[in-house]
Amino acid sequence: MATSYKELGLVNTRELFKKAIKGKYAIPAYNFNNLEQMQAILQACVETKSPVILQVSSGARKYANATLLRNLGKGAVEYVKELGYEIPIVLHLDHGDSFELCKDCIDNGFSSVMIDGSHLNFEDNIELTKKVVEYAHKFDVTVEGELGVLAGIEDEVSAVHSTYTSPEEVIEFVNRTGVDSLAISIGTSHGANKFKPEQCTINEKGILVPPPLRFDILEEIEKKIPDFPIVLHGSSSVHEKYVEIINKYGGALKDTIGIPEDQLRKASTSAVCKINIDSDGRLAMTAAIRETFAKNPAEFDPRKYLGPARDELKQLYMHKNNNVLGSSGKC
Ligand code: G3H
Ligand code: 13P
Ligand code: ZN
């Protein structure tokens, strides 16, 4: 039997995005694959009084089992009540690649889905996205579409080169599909190696500075579809402190470059009202786990290394909500 997200106390993105655009902040969309990530996200968002989008990718479903992950998502509402402050929680499918996958999530308690047709041609992207929207809206589930291609790996869709979103295409895409929000490509990309060092300049502190995001394209898009909710994927900043800890304790990360936080802060004050962050969390957890093992080589209780990883992750997310997305205190 189908389960509606409404029975579970989850919300869709519609009202959250309206408020975020008006209030000039972005809602955090954090990916989770396991219990510790879920705990860290919820603890951080409750403590900062921030709405949150919990994201599940198809890779996460394969890793953790779709039924178990979904039930973890359902448990989120009860857990935040126990933590003492109720925040709005969206359970969202990240990078859905087929109608069937989106339908399965809609039928099983998700309040929002992304259909990522960005690798298809314009007409096929519209056709697939429209089909998902028509089904989702019957259940008041909101849908994110994507136009333009991000460089890097898009879940199971691989794109070596990016194609910026064409402002000329957005009105037609939004009108013909009926999507509730649109992911665009303006220079972000997935993973921890977002730019090649040769694309960057070196500042006075000797730090590599990547090329700025294409705010000119974003502004053009905002002119075409005023106040329409825009989503940024690939928005990890790849904090140097985590890369340093990872490499100090046996890691081998090279040429890691992320999106500077001031760029994301600026984007958050525009129609960008959802910012996706996954890699930063992976780096924070990995750094904490490597450090724990290096300092306590005899440790073998998972709680003793996953616990510190969860604490570090919580600190990271609180920082993002407070200082980057501006979502703290918004609920
Ligand atoms: O955009 C992709 C997300 O970071 C999810 O990654 O497919 O490895 O779970 P994943
Ligand atoms: P990052 O790899 O930059 O964290 O992006 C995550 C993302 O876009 C999830 O959909
Ligand atoms: Zn993404």
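Ligands are counted one by one from 1 in listed order, and the atoms in each one are counted from 1 as well. Predicted model, so just to flag it, every value in this text is computed and none were measured.
Taking the side chain as every heavy atom from C-beta outward, C102 and Y135 never approach each other to under 4.5 Å. A 4.5 Å side-chain heavy-atom check between M285 and E36 finds at least one atom pair inside the cut-off.
Residue-to-ligand polar distances keep H233 apart from ligand 1: every N/O pair is separated by 3.5 Å or more. Polar contact with ligand 1: present for H190 (N/O pair, distance under 3.5 Å).
As a member of the Ile/Leu/Val/Met/Phe/Trp/Tyr network built from side-chain separations under 4.5 Å, V231 groups with nothing else and remains a singleton. Clustering of Ile, Leu, Val, Met, Phe, Trp and Tyr side chains at separations under 4.5 Å leaves F300 isolated, with no partner residue.
Angle ND1(H233) to the Zn ion (ligand 3) to NE2(H190), rounded to 10°: 120°.
Contact annotation: for N276 versus ligand 1, there are no heavy atoms closer than 4.0 Å. Residue contacts with ligand 1, taken as heavy atom pairs separated by less than 4.0 Å, involve H95 solely via side-chain atoms from C-beta onward.
Applying the salt bridge (charged side-chain N to carboxylate O under 4.0 Å, His left out) definition to pairs two or more places apart or across chains, those involving residues 263-287 are E144-K274, D278-R282, D280-K320.
Among protein residues, N31, Q55, D94, H95, S189, H190, G191, K194, H233, G234, S235, S236, N276, I277, D278, S279 come within 4.0 Å of ligand 2, judged on heavy atoms.
Within ligand 1, the atoms closer than 4.0 Å to a non-hydrogen atom of N31 are 3 (C), 5 (C), numbered from 1 in the order shown. Here is the list of ligand 1 atoms found below 4.0 Å of a heavy atom in D278: 3 (C), 4 (O), 5 (C), 6 (O).
Note that the CD atom of Q315 and the CD atom of Q43 stand 10.0 Å from one another [nearest 0.5 Å]. Summarising the geometry, atom CG belonging to L93 is positioned 10.0 Å from atom CG belonging to D116; distances are rounded to the nearest 0.5 Å.
Under the 30°/60° scheme for interplanar angles, the aromatic rings of H239 and Y242 are found to stand perpendicular.
Within the structure, the closest approach of R282 to ligand 1 falls below 4.0 Å when heavy atoms are considered.
For S237 (side chain) and I259 (main-chain N/O), a donor-acceptor pair under 3.5 Å exists by modelled atom type.
Closest non-hydrogen pair, H137 versus D180, comes out as NE2-OD2, 2.7 Å.
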